[in-house]
Participant: 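First, the structure itself, so that you have it in front of you.
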Amino acid sequence: MSQEPVSNFIRTIIDEDLASGRYQQVVTRFPPEPNGYLHIGHAKSICLNFGLAASYSGRCHLRFDDTNPAKEEQEYVEAIKTDVRWLGFDWGEHLYFASDYFEQLYQWAVQLIEAGKAYVDSQSADEMRANRGSLTEPGVDSPYRERSVAENLELFERMKNGEFPDGKHVLRAKIDMKSPNMNLRDPAIYRILHARHHRTGDRWCIYPMYDFAHGQEDSLEKVTHSICTLEFEDHRPLYDWFVAQLGIHAPQQIEFARLNLSYTVMSKRKLLQLVTEQHVESWDDPRMPTISGMRRRGYPAAAIRNFCEKIGVGKGYSWIDLSVLEESVREVLNKTAQRRMAVLQPLKVVITNYPDQVEELQAPNHPQQPELGNRTLPFSRELYIEQDDFMEDPPKKFFRLGPGREVRLRNAYIIRCDDVIKDEHGQVVELRCTADLETLGKNPADGRKVKGIIHWVSAAHAKSVKVRLYDRLFNQENPDKADDYLQVLNPDSLQVTEALAEPNLLTACSGDTLQFERVGYFCVDSQDSTAAAPVFNRTVTLRDTWAKVK
RNA sequence: UGGGGCGUCGCCAAGCGGUAAGGCACCGGAUUUUGAUUCCGGCAUUCGCAGGUUCGAUCCCUGCCGCCCCAGCCA
């Protein structure tokens, strides 16, 4: 699947670690918190972690970082597993949960207390904040900082036994309240939380904090390279401190820049809000930047993988244009999608010199791949073409239909527009045309050139299908910069319309993606489409240089 | 103004002391029964700025400038 890997700073580090003998193999992990659905930003991390493991013949674990029962749910665990699998990655036997390590983590906390490296603090959250200092002022020691080991042990035990309400005490690592790195100013490592955990139920009422859990989880799994995003750079000294104090296997944490995509938001909080406040249908709404939304939209997994490969990985804050993703989608779909014809905004055409009969024309399913075979298209005297393909007073650069002009009907004849029929409002409602019946499958014998080619359907045979046209969810390039990102939602992100399609479209199955020639790629909606009432989602438009010329 | 990072073409991004890969975008042109696809060609005398070391610097040193992150009992 992948050929020459692109060099990047992470591979460089791994190469050095392997060369120096610091590690003998490569073990990575993708560690989502099950508090929401995966999005395209997670895809970058998944492709990176699983890709690196595959490239170095190592392994990659899927580990749920479920240390905060207040926000996490089983539903998310299942959705995440589905998405990672769909993206094409396999964790094999290596499925883990932070919650499986709770007992070990608790023992390690006790060990730290015994070593005089952790203490129970009984300040309130407000007092702790006040004593933490600021970016420019050092913090001050907690009055509880010098409690005896015995007292700490006893209090921590009682915390575990549920003898205190939430927030009454907290276990802190004893490091340095004056450290310029805020994360080292005696970070909280265990808090009291009387909450039901989706996997451990009511067994625990104290839960480890991220900093006290993540590195140890990596260590237990013998992870060699723990890849995370830039904001954890400041946590690395803490990460290293814990594994050093505990004397356990030390993985190397490496930070990279998370993905930012134009015209979309990536924070789970905001995505959750879009769902709960019904700005979109659901987590898998085709407008969502979630993996499940993109899947439903018709984006192939390979396109997402190619995209992640293409954007690279670095440490600088990057901003990727949505068009890069869309190009990746077209790249895959162009090769795989069968072609069909459908008219979105119909304009009637009558071929006046064509007899009252039905002809069966042959059309290739894919112009560049004859092995995909042909399909049959019914052709008759009355057709529909796209309104956009006719102009009453066309400019010179427009080479579609106009009064007296000729155009090729794709896979059929060349026609000339003789008359334009309008209704009482002056609206063009019908075109009277003549077909050159000698041009089926060949160019005019007299050598005249007809540059325009338009798509069409036979009026009597066309099938009506529901079509959903999706556009970017936000109107502003960076919705996070708006005062309120909800204010810049694109009101036209979804347009529902009926299209008239060639009969062959009805044989498409759920999940199939087809190209409506000259219009775009469309897939059968996995939720709402039925044989009786088909629903197609527009995956992405075709590139349209004419639109730019206009 | 404490600490941690980052600054190479419009957007990503290679490069690791020997004289600027690649992709996307863009601009030409060819083929084409999708104004699609495909195909050719063009596209940074220059690497945030200023000094210094060196025969030679985007790569090393110094000083500026700009941007991002950190004061959750979130991850």
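All values below were derived from every heavy atom in this structure, side-chain atoms included, with hydrogens, water molecules and symmetry-related copies excluded. All chains are named by letter (A, B, ...) in the order of the sequence lines, taking the proteins before the strands, and each is independently numbered beginning at 1. Model, not experiment: these values are computed from the prediction.
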Participant: What's the closest nucleotide to the A:Arg518 side chain, out of B:rU32, B:rU34, B:rG5?
Facilitator: B:rU34
Participant: Take atom C1' in B:rG63 and the same atom in B:rA14, then report the distance between them in whole Å.
Facilitator: 29 Å
Participant: Less than 3.5 Å between a donor and an acceptor, one on the side chain of A:Arg408 and one on the base of B:rU33, is that the case here?
Facilitator: yes
Participant: Taking CZ from A:Phe256 and P from B:rC12, how many angstroms apart are they, rounded to a whole number?
Facilitator: 16 Å
Participant: Show me, range against range, the stems involving RNA chain B, built from at least 3 consecutive Watson-Crick or G-U pairs below 3.5 Å.
Facilitator: B:2-7 with B:65-70, B:10-12 with B:22-24, B:26-30 with B:38-42, B:48-52 with B:60-64
Participant: What is the distance from CG of A:Asn443 to C1' of B:rU33, rounded to the nearest Å?
Facilitator: 8 Å
Participant: Using atom NZ of A:Lys451 as one end and atom C1' of B:rU31 as the other, report the distance to the nearest whole Å.
Facilitator: 10 Å
Participant: Measuring from the side chain of A:Arg410 (C-beta onward, heavy atoms only), which nucleotide among B:rG5, B:rU33, B:rU34 has the closest atom?
Facilitator: B:rU33
Participant: Which of the following nucleotides, B:rC16, B:rA36, B:rG5, is nearest to the side chain of A:Glu233?
Facilitator: B:rG5
Participant: Walk along nucleotides 37-42 of chain B from 5' to 3' and tag each nucleotide B, S or - by protein heavy-atom contact under 4.0 Å, base first, then sugar-phosphate.
Facilitator: B-----
Participant: Syn versus anti for B:rG15, judged by chi lying within 90° of 0?
Facilitator: anti
Participant: Centre-to-centre under 6.0 Å for A:Tyr354 and A:Phe379, is that the case here?
Facilitator: yes
Participant: For A:Tyr239 together with A:His235, are the ring centres under 6.0 Å from each other?
Facilitator: no
Participant: Can you give one letter per nucleotide of nucleotides 67-75 of chain B, going 5' to 3': B for a protein heavy atom under 4.0 Å from the base, S for sugar-phosphate only, - for none?
Facilitator: -SBBBSBSB
